[in-house]
Amino acid sequence: MDFVVYAIPFFLLALLLELLFDHLRGTGYYRANDTINSLSMGLISTTSGLVLIDIGGKVYALVQQTTALPVWQHVSIWQWLLAFLLYDLCYYWFHRISHERKLFWAAHVSHHQSEEYNLSTALRQTSTGFLLSWLFYIPCFFIGMPAEVFVSVASLNLIYQFWVHTRFVPELGLIERVFITPSNHRVHHARNAEYIDKNYGGVFIVWDRLFGTYTPERKDIAVDFGITRGLNSWNPIWANVHVYVGMFRDSFLTRSWRDKIKVWFGATAFVPDDITKGEVIAGTHYDPVIAAWLRNYVILQFLLAVVLGVVLKYQFETMGMINGSVLFAYMVLSLMVLGWLLEGRYWGLELVRLGLAPIIGLVLWGELNSVLIIASLMFIAYIVYRREGFTQQTLTAK
């Protein structure tokens, strides 16, 4: 059973409570642009599985159908514990290689791009991990773990990882020696030289202690969150593909045939000698300044995009693949354009997006006529906020 579906409401409630606590404490751990970008990527990741091929699922089914390996029957508590431990060990090695090799980092980087650290960061997930992550969990099936047990322990592992993405929980004493905690996971999200590429476990920190990748959070070194070369964009699609694009570019431009291959399979930090990269600047944050009315407009439109995502998640089967894919594409377009608006760019594309809303509603009329209502709300919001922006500009000019 996939428990994540049932946990999502609790994730959102916990996020809202932390956001409120952050506001009351005045700690400033949340920024609207960063949070919307993280949640946009989580929304795309959650719904992309509806329209993409489940490579891992098909491979696992093939393994069980074409081999004579026994499958556990009447799974005991000890087999459940073994499954949970083995999954976390496989996760450790997958997670570690996802940091140490460029091809795997290209998918995982999206989770580390946020320069803040809060519960919304936990929901910042990749949409391309399905391509290769399944390779690391094949041992689970070779020992006879049933698919339903695998899905259950995988979802429990992911649910556990949610709560450790917070800055409000201090070190937890002896618990730090066994489990992943907010303190040692903050280290994992750091780009400081003292912390980088450490603490890979999902639930248990013991794997890091065994394999030499453990580092505690130090009081004398504040964690600097993010990636060494910042994303500098609020576009969630670019966040998912920018490393892939960079690898294609570098492998094309470098003159060394050896480096053309190493760009893909070498260490994450590898750069060919004849390729110039931007400087690594620690401690900087991407935070373009936009007017408050524009920020509020994006927040409202983002909430409407979330409604589309919820409809997509729970009505996809009744809509069918074609209509569902159309709605998914429109939701992704919306999140891209809203990301650009957070950078203060491309108002013209927002008009195009709004214009497409009633067309989408007509295409899906028999199955999703609520889109027309949403489209009307979108246009009303546009008119109201655009007028406010015009008014502010006029007042400034005077």
Side-chain angles (χ1 to χ4, degrees), residues 29 81-119 121-126 129 132-133 135-137 139-140 153-229 243 266-270 280 282-283:
Y29 294 159
L81 291 173
L82 173 62
F84 193 78
L85 285 170
L86 178 59
Y87 180 90
D88 199 59
L89 177 58
C90 291
Y91 176 84
Y92 168 86
W93 285 108
F94 159 64
H95 197 183
R96 179 171 175 173
I97 291 176
S98 293
H99 280 257
E100 296 181 353
R101 288 295 177 267
K102 182 70 74 71
L103 182 61
F104 295 95
W105 174 245
H108 185 60
V109 64
S110 55
H111 182 60
H112 284 266
Q113 292 156 345
S114 176
E115 294 171 337
E116 301 296 341
Y117 191 77
N118 51 56
L119 292 178
T121 309
L123 303 181
R124 187 185 184 95
Q125 297 294 327
T126 178
L132 294 171
S133 60
L135 289 168
F136 293 85
Y137 300 105
C140 295
V153 297
S155 62
L156 290 173
N157 191 286
L158 186 62
I159 290 170
Y160 178 89
Q161 293 182 46
F162 174 78
W163 81 281
V164 301
H165 292 83
T166 182
R167 296 163 74 174
F168 288 114
V169 177
E171 290 186 21
L172 297 175
L174 293 177
I175 295 175
E176 302 280 342
R177 304 187 67 84
V178 180
F179 294 100
I180 294 293
T181 66
S183 177
N184 57 49
H185 199 64
R186 286 192 290 267
V187 168
H188 177 69
H189 276 258
R191 57 184 172 184
N192 313 57
E194 298 85 354
Y195 291 146
I196 201 165
D197 292 343
K198 300 293 183 181
N199 302 355
Y200 296 115
V203 174
F204 300 106
I205 197 68
V206 291
W207 313 123
D208 292 282
R209 292 179 178 275
L210 283 173
F211 301 119
T213 54
Y214 170 73
T215 292
E217 185 178 24
R218 293 167 51 178
K219 290 182 172 59
D220 60 324
I221 302 178
V223 175
D224 181 25
F225 299 104
I227 56 178
T228 54
R229 291 183 177 87
V243 174
T268 303
F270 170 73
V280 175

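- Counting only heavy atoms from C-beta outward, the side chains of Glu176 and Pro216 never approach each other to under 4.5 Å.
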Q: Show the numbers, then the answer: is there a side chain to side chain contact (heavy atoms under 4.5 Å, CB included) between Tyr195 and Lys198?
A: CA-CA 6 Å; Tyr195 291 146; Lys198 300 293 183 181; 5.6 Å; no

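- Taking 4.5 Å as the limit, every side-chain heavy atom of Phe84 sits out of range of all side-chain heavy atoms of Tyr160.
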Q: With side chain to side chain contact (heavy atoms under 4.5 Å, CB included) as the test, would you mind laying out the steps for Thr121 and Phe225 before giving the verdict?
A: CA-CA 11 Å; Thr121 309; Phe225 299 104; over 6 Å; no

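- The shortest distance between side-chain heavy atoms of Ile180 and Ile205 falls below 4.5 Å.
- Nearest heavy-atom pair across Trp105 and Ile227 is CZ2-CG2, 3.9 Å.
- Partners of Asp197 by side-chain hydrogen bond (donor to acceptor under 3.5 Å, both in side chains), not counting sequence neighbours, listed by chain and number: His99.
- How far CD of Gln161 is from NE2 of His111: 7.0 Å, rounded to the nearest 0.5 Å.
- The aromatic rings of His185 and Tyr117 sit tilted relative to each other, their planes meeting at an angle between 30° and 60°.
- Here the straight-line distance linking atom CZ of Arg191 with atom CG of Asp224 works out to 4.0 Å at 0.5 Å rounding.
- With values rounded to the nearest 0.5 angstrom, Leu119 atom CG is found 5.0 Å from Thr166 atom OG1.
- His95 and His108 have perpendicular rings, their planes meeting at more than 60° on a 0 to 90° scale where under 30° would count as parallel.
- Leu86 approaches Cys140 most closely through the heavy-atom pair CD2-CA, 3.9 Å.
- The shortest heavy-atom contact between Cys90 and Tyr137 is CB-CD2, 3.6 Å.
- The CG atom of Leu156 sits 10.5 Å away from the OH atom of Tyr87 when rounded to the nearest 0.5 Å.
- In this structure the side chain of Ile97 reaches within 4.5 angstrom of the side chain of Phe136, judged on heavy atoms.
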Q: Step by step, work out the side chain to side chain contact (heavy atoms under 4.5 Å, CB included) result for Phe204 and Leu85.
A: CA-CA 9 Å; Phe204 300 106; Leu85 285 170; 3.6 Å; yes

**Q.** Worked check of side chain to side chain contact (heavy atoms under 4.5 Å, CB included) between Asn157 and Asp88
**A.** CA-CA 7 Å; Asn157 191 286; Asp88 199 59; 2.8 Å; yes

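- Scanning both residues, Lys102 and Phe270, for their nearest heavy atoms gives NZ-O, 3.7 Å.
- Within the 4.5 Å cutoff, no side-chain heavy atoms of Phe179 are placed close to those of Val164.
- Pro182 and Val169 make their closest contact through CG-CB, 3.7 Å (heavy atoms, listed as atom of the first residue, atom of the second, distance).
- Smallest separation of non-hydrogen atoms from Thr215 and Glu194: CG2-O, 4.1 Å.
- We find the CG-OG1 distance between Leu103 and Thr268 to be 10.0 Å, quoted to the nearest 0.5 Å.
- For Tyr214, the side-chain hydrogen bond (donor to acceptor under 3.5 Å, both in side chains) partners two or more places apart in sequence, or in a different chain, are Arg209.
- Within the 3.5 Å criterion, the main-chain N or O of Ala107 finds a donor-acceptor partner in the side chain of Thr126.
- Contacts of Glu171 classified as side-chain hydrogen bond (donor to acceptor under 3.5 Å, both in side chains), with partners at least two apart in sequence or in another chain: none.
- Atoms CG and CD, on Leu123 and Gln125 in that order, are 7.5 Å from each other to the nearest 0.5 Å.
- With contacts defined as side-chain heavy-atom distances shorter than 4.5 Å, the pair Arg96/Phe211 qualifies.
- The side-chain heavy atoms of Asn184 and His188, taken from C-beta on, include no pair separated by under 4.5 Å.
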